[in-house]
Amino acid sequence: MKTDDLIHKYFEGETSCEEEKRLREYFNSGHVAEHLKIYIPLFTYFEQEINKEQKVTLRHPGRRKRIVTLLTGIAASLLILVVAGIGKWLSQPDDCLCAGDYVVINGKCYKDKNIIKTYAVRALQEVGSPISIENQ
């Protein structure tokens, strides 16, 4: 196909990628017909932009790699925290996971009525005993 026909087809928006590549190569060759030289800046500009885009694309994989590495590290840290929390929860003694009747005193579960009475009597004695003003 002649270059004139390709240019007409290009401006109609009917060219394929291969035909547009042939046009860019033609206008970058330096052997352009006199009546087509007005189109040289258009097609050389596109070629320059394509080259810039390829250079920019080559720089991005390093940046993506850093981002992926960072996100992987964050995900691994969160996974370790979750596993450690589950492990700690599973390793707690059964007396903290009381069922039925129980009392929690200072963070511990008690089911033995004698121990509970002892703590209760001690607490009531502390509340019931008068505090002298002299001790303050």
Side-chain angles (χ1 to χ4, degrees):
M1 183 176 273
K2 293 171 87 180
T3 306
D4 291 328
D5 295 335
L6 270 179
I7 288 177
H8 178 70
K9 195 174 172 183
Y10 175 81
F11 286 118
E12 293 297 319
E14 299 172 352
T15 52
S16 66
C17 290
E18 183 60 39
E19 290 170 331
E20 290 178 16
K21 183 178 177 184
R22 282 190 4 221
L23 281 171
R24 286 192 308 272
E25 288 172 355
Y26 172 75
F27 284 103
N28 283 308
S29 70
H31 306 291
V32 180
E34 196 64 38
H35 69 285
L36 298 176
K37 287 189 177 185
I38 59 170
Y39 300 117
I40 290 175
L42 174 70
F43 288 98
T44 56
Y45 173 78
F46 288 143
E47 189 69 26
Q48 291 169 357
E49 288 302 308
I50 289 170
N51 290 337
K52 283 182 189 177
E53 188 174 307
Q54 288 173 348
K55 288 178 185 176
V56 170
T57 304
L58 293 176
R59 285 188 232 152
H60 284 285
R63 184 176 181 194
R64 284 186 184 155
K65 186 177 179 180
R66 286 192 308 256
I67 291 172
V68 168
T69 303
L70 176 67
L71 292 176
T72 303
I74 291 170
S77 299
L78 289 174
L79 182 63
I80 289 171
L81 289 174
V82 168
V83 169
I86 290 172
K88 183 172 175 122
W89 179 72
L90 290 176
S91 68
Q92 288 182 344
D94 288 337
D95 64 343
C96 289
L97 304 173
C98 297
D101 296 332
Y102 65 93
V103 175
V104 178
I105 302 171
N106 294 330
K108 292 185 178 179
C109 294
Y110 293 98
K111 290 184 178 183
D112 185 4
K113 292 179 183 179
N114 294 326
I115 295 174
I116 296 169
K117 279 183 183 179
T118 306
Y119 276 109
V121 169
R122 217 182 290 157
L124 288 172
Q125 287 174 348
E126 288 177 13
V127 172
S129 64
I131 302 174
S132 66
I133 299 175
E134 299 162 0
N135 292 340
Q136 291 183 347

Excluding sequence neighbours, so at least two apart, what forms ring pair (Phe, Tyr, Trp, His ring centres under 6.0 Å) with Y39?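 Ring pair (Phe, Tyr, Trp, His ring centres under 6.0 Å) list for Y39, sorted by chain: F11.
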Residues that, via side-chain heavy atoms closer than 4.5 angstrom, fall in one hydrophobic cluster with V121: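 Under the 4.5 Å side-chain rule, V121 groups with nothing.
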Which other residues belong to the hydrophobic cluster containing I74, where Ile, Leu, Val, Met, Phe, Trp and Tyr are joined when side-chain heavy atoms lie under 4.5 Å apart, directly or via other members?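 Its cluster mates, by chain and number, are L70, L78.
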Got a second to check how far [X]'s [atom1] is from [Y]'s [atom2], nearest 0.5 Å?
X: I116; Y: I105; atom1: CD1; atom2: CD1; answer: 6.0 Å
X: Y26; Y: T3; atom1: OH; atom2: OG1; answer: 5.0 Å
X: N28; Y: L23; atom1: CG; atom2: CG; answer: 11.0 Å
X: Y10; Y: R24; atom1: OH; atom2: CZ; answer: 8.5 Å

Taking all atoms of both residues into account, what is the closest heavy-atom pair of I7 and F27, and its distance?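 Taking every non-hydrogen atom into account, CD1-CZ, 3.4 Å.
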Between T72 and V68, which heavy-atom pair has the shortest distance, and what is it?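 In terms of heavy atoms, the two residues are closest at OG1-O, 2.6 Å.
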4.5 Å side-chain heavy-atom contact, V103 and Y119: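 No, every pair of side-chain atoms sits at 4.5 Å or beyond.
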I38 reachable from I40 in the ILVMFWY side-chain graph, under 4.5 Å edges: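 Looking at the clustering, I38 is in the same group as I40.
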The single option from K9, E20, H8 passing side chain to side chain donor-acceptor pair (under 3.5 Å) against T15: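 Filter result, single survivor: E20.
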